[in-house]
Amino acid sequence: MAKHQFQTEVGQLLHLMTHSLYSNKEIFIRELVSNASDAIDKLNYLKLTDENIKAKLPEDWSGEVNISFDEEDKSLSIIDNGVGMNEEDLIASIGTIAKSGTKSFVEAMTGDAKKDSNLIGQFGVGFYSVFMVASHVDVISKKAGEEQAYKWSSDGTGEFDLVPVTKESAGTVIYIKLKDEEAAEFAVKERIKTIIGKYSNHIAYPIFLNYSEEVTEELSEEDEKAGKEAKKSIEKRHEKINEATALWMQPKSNLKAEEYNDFYKSISHDSQDPMAVIHTKAEGVNEYTTLFYIPSIAPMDMYRADYQPGVKLYVKRVFITDDEKELLPTYLRFVRGIIDSEDLPLNVSREILQENRVMANIKQGSVKKILGEIKKLSKDEEKYAAFIEQYNRPLKEGAYQDFTNKDALLELIRFKSTKADKMTSLAAYKDGADSEQKAIYYIVGENENVLRNSPLLEAYKKNDIEVLILDDKEIDEIITPMYGAYQEWEFKDITSAEAPKVEQSEEEKKEVEEKFEDITKKIKDILGESVSDVRVTNRLSESPSCVVKDAGDAQMQQMAQMMKAMGQEMPETAPILEINPDHEIVTKLNGLDNDSLVADVSWVLLDQAKLSEGMEITDAVAFAQRLSRITAKAL
């Protein structure tokens, strides 16, 4: 007998399973039946594509799951005739967890046992839920096409045993020795049937419940009158307890909302109903059926590089893959569901999938259907606000990635703005703009409050021009300039755009520049390489100064952000300092004959402008010292 230690993270997870998650124990049956269904899916595929596997299977083979229980033994068994596992698979699949699933699960724990137990399936740690109810588990498995079977055994503490055993056919038997307090609940016929009906009714393979039942002989009237005693006997039952139909192939008119929701929960491991359901049957050049769901809450791994795709691909009801990220664009990675094609070959490979014209057509049609459903959702203001809260950022990614659907995506994205008290659309922005305005103005940063109080907005407020507030700097700074235009209106960053119209002629502008020429040159000399230029501006009405960047610097800043996201540093581009010639500080500074005071004020004008934009200042101690000296002179 070979003893093995669990991976450290698995040990931590098992401790949680056995000591913390007790509010929703019944889900262990859902998880084990789901795993059994996946194993049958894989063997069903191999039967059609691998001649060696096909030759070793009985001609009448068909997938099924069997559940049996023993009240006296206090045990429950779940058996499938799927692809099975060998020694290596058992160690890899049960002794360790790939893709940091356990770590993500532990990080997502809230302390609320009911909520936490609903996370189990979403992180691919479903098998371990059995230890919420089990004192001991044996997994006996034989991999299709191989001769040797193995038995994996553990009590869920720190180690597991793995030994070779004999098993006639491919598949897996999970024998669960229930804890004393759990046996009365889960080794019961009606309880098992209820759980399967709730979670696994639409598993595509039949699920049979095997049990023994005491039957009393039915007596005729004469026998009853004669006082004959009815004999009792024990009969074995083999009862199908699920519908075992491909729900997505049924006509929409035959399905109820509850059935759609139950199926969603069975494939997504989510405990909540979906936000939207999109069921489509396409006929014509390509025939396929799709059933997509938009979850009410964004998947936990949506922003992880190793996110798990949520769409399963079938060909003529035969499962092909659930691990292909190319079935939908990455910005729709939150979508869950099924694609079932009539035209793809059964032996389609991942490489063929990425290049196959049929798959490209299905993908294109699916994207249009999903975006069309989101557009319908946008008609309901309350529902769409809930959608935007979860999925606005992926839509922004889409407008950058998907040129074909860029216009449709820009219609769906919502933005904070200086005018609206709620998220607004670009269509609403255009409708509310002055007839002479031909651009969409925006400001990017990390803090909404800082952006709303930016000095750069002063001229826009004065001219009643709406500005979009983009406070997700990590993505907005890179993506928004790439949008190009919306209905011929160009996107313009107000930190690099010319200030909006002001009541000032060219002669007046030139006169002001000449009047402040000496002081702007002096400030530029004092600040040196900390600024790329210093100039007077007409964009400010209340603040003494602001920092902006020219168009070329803006592009360099975007490049710097992209390089930073890849872990590479680029030198910061020095900003342009603009000063307000109408502000008291600037007018008094002009012509001042105290060089040390001019130097202090110049640096304070720059640092103050940076702070107003949420930027870091170079030397906080020097800033405080300068401010103290200026204040002392003013008192």
Any [X] side-chain heavy atom under 4.5 Å of [Y] side chain:
X	Y	result
Gln308	Pro299	no
Tyr264	Asp270	yes
Glu397	Arg333	yes
Asn594	Ser596	yes
Pro274	Asn261	yes
Glu448	Arg452	yes
Pro575	Val548	no
Val604	Asp607	no

Can you tell me how far [atom2] of [Y] sits from [atom1] of [X], rounded to the nearest 0.5 angstrom?
X	Y	atom1	atom2	value
Leu457	Ile443	CG	CD1	5.0 Å
Glu584	Asp582	CD	CG	12.0 Å
Leu313	Met359	CG	CE	5.5 Å
Ile388	Arg393	CD1	CZ	14.0 Å
Ile494	Tyr441	CD1	OH	10.0 Å
Leu597	Lys588	CG	NZ	11.0 Å

Going by an N to O cut-off under 4.0 Å, is there a salt bridge joining [X] and [Y]?
X	Y	answer
Lys438	Glu488	no
Asp464	Lys419	yes
Lys515	Glu511	no

Going by side-chain contact (heavy atoms from CB on, under 4.5 Å), Leu426 matches just one of Ile413, Ile440, Leu412. Which one? Ile440

Evaluate the criterion side-chain contact (heavy atoms from CB on, under 4.5 Å) for residue pair Lys252 and Tyr260; output intermediate values, then yes/no. CA-CA 10 Å; Lys252 287 193 280 188; Tyr260 276 123; 3.3 Å; yes

At their closest point, which heavy atom of [X] faces which heavy atom of [Y], and how far apart are they?
X	Y	value
Ser341	Val358	OG-CG1, 4.4 Å
Arg539	Cys546	CD-SG, 3.9 Å
Leu605	Leu577	O-CD1, 4.1 Å
Pro394	Phe334	CB-CE2, 4.0 Å
Ala485	Leu410	O-CD1, 4.0 Å
Arg336	Pro309	NH1-C, 4.4 Å

Answer yes if the ring centres of Tyr483 and Tyr400 are under 6.0 angstrom apart, and no otherwise. no

Taking the six-membered ring where the residue is Trp, are the ring centres of Phe491 and Tyr486 under 6.0 Å apart? no

Parallel, tilted or perpendicular: ring planes of Trp248 versus Phe263, cut at 30 and 60 degrees: tilted

Tell me whether the rings of Phe387 and Tyr391 are parallel (<30°), tilted (30 to 60°) or perpendicular (>60°). tilted

Side chains of residues 516-527: which donor-acceptor pairs under 3.5 Å do they make with residues two or more places apart or in other chains?
unit_1: Thr520; atom_1: OG1; unit_2: Phe516; atom_2: O; d: 3.1
unit_1: Thr520; atom_1: OG1; unit_2: Glu517; atom_2: O; d: 2.9

Find out whether the Lys NZ or Arg CZ of Lys325 is both under 6.0 angstrom from the six-membered ring centre of Tyr307 and within 45° of the ring's axis. yes

Distance only, no hydrogens: is a donor on one side chain within 3.5 Å (strictly under) of an acceptor on the other, for [X] and [Y]?
X	Y	result
Gln401	Thr330	yes
Ser543	Glu458	yes
Thr495	Lys549	yes
Ser296	Gln272	no
Gln437	Tyr429	yes
Asp340	Tyr288	no

Selection residues 420-433 - residue pairs positive for salt bridge (charged side-chain N to carboxylate O under 4.0 Å, His left out), sequence neighbours left out: Glu381-Lys422

Could you go through the side-chain contact (heavy atoms from CB on, under 4.5 Å) check for Leu291 and Ile278 one step at a time? CA-CA 6 Å; Leu291 175 55; Ile278 309 136; over 6 Å; no

Tyr331 and Asp402: side chain to side chain donor-acceptor pair (under 3.5 Å), yes or no, with the steps? CA-CA 9 Å; Tyr331 68 89; Asp402 187 353; 2.7 Å; yes

Give the intermediate values and the outcome of salt bridge (Lys or Arg N to Asp or Glu O under 4.0 Å) for residues Glu514 and Lys509. CA-CA 9 Å; Glu514 289 175 354; Lys509 184 179 177 182; over 6 Å; no

In terms of heavy-atom contacts, does [atom1] of [X] have more than 12 from other residues, nucleotides or ligands at under 6.0 Å?
X	atom1	result
Glu513	CD	yes
Lys383	NZ	no
Lys369	NZ	no

How far apart are the C-alpha atoms of Glu466 and Thr418, what are their side-chain angles, what is the distance that settles it, and do they pass the side chain to side chain donor-acceptor pair (under 3.5 Å) test? CA-CA 6 Å; Glu466 186 173 13; Thr418 53; 5.6 Å; no

side-chain contact (heavy atoms from CB on, under 4.5 Å) between Thr290 and His279: does it pass, once the steps are laid out? CA-CA 6 Å; Thr290 57; His279 191 180; over 6 Å; no

For the backbone of Ala459 and the side chain of Asn463, can you confirm whether one donor and one acceptor N or O come within less than 3.5 Å of each other? yes

Verify salt bridge (Lys or Arg N to Asp or Glu O under 4.0 Å) between Lys375 and Glu411, making sure each step is shown before the conclusion. CA-CA 8 Å; Lys375 188 172 183 178; Glu411 294 278 358; over 6 Å; no

Ser532 and Thr573: CA distance, side-chain angles, deciding distance, side-chain contact (heavy atoms from CB on, under 4.5 Å) verdict: CA-CA 8 Å; Ser532 60; Thr573 305; over 6 Å; no

Would you mind listing every side chain to side chain donor-acceptor pair (under 3.5 Å) that reaches into residues 615-635, with sequence neighbours excluded? Asp600-Arg629

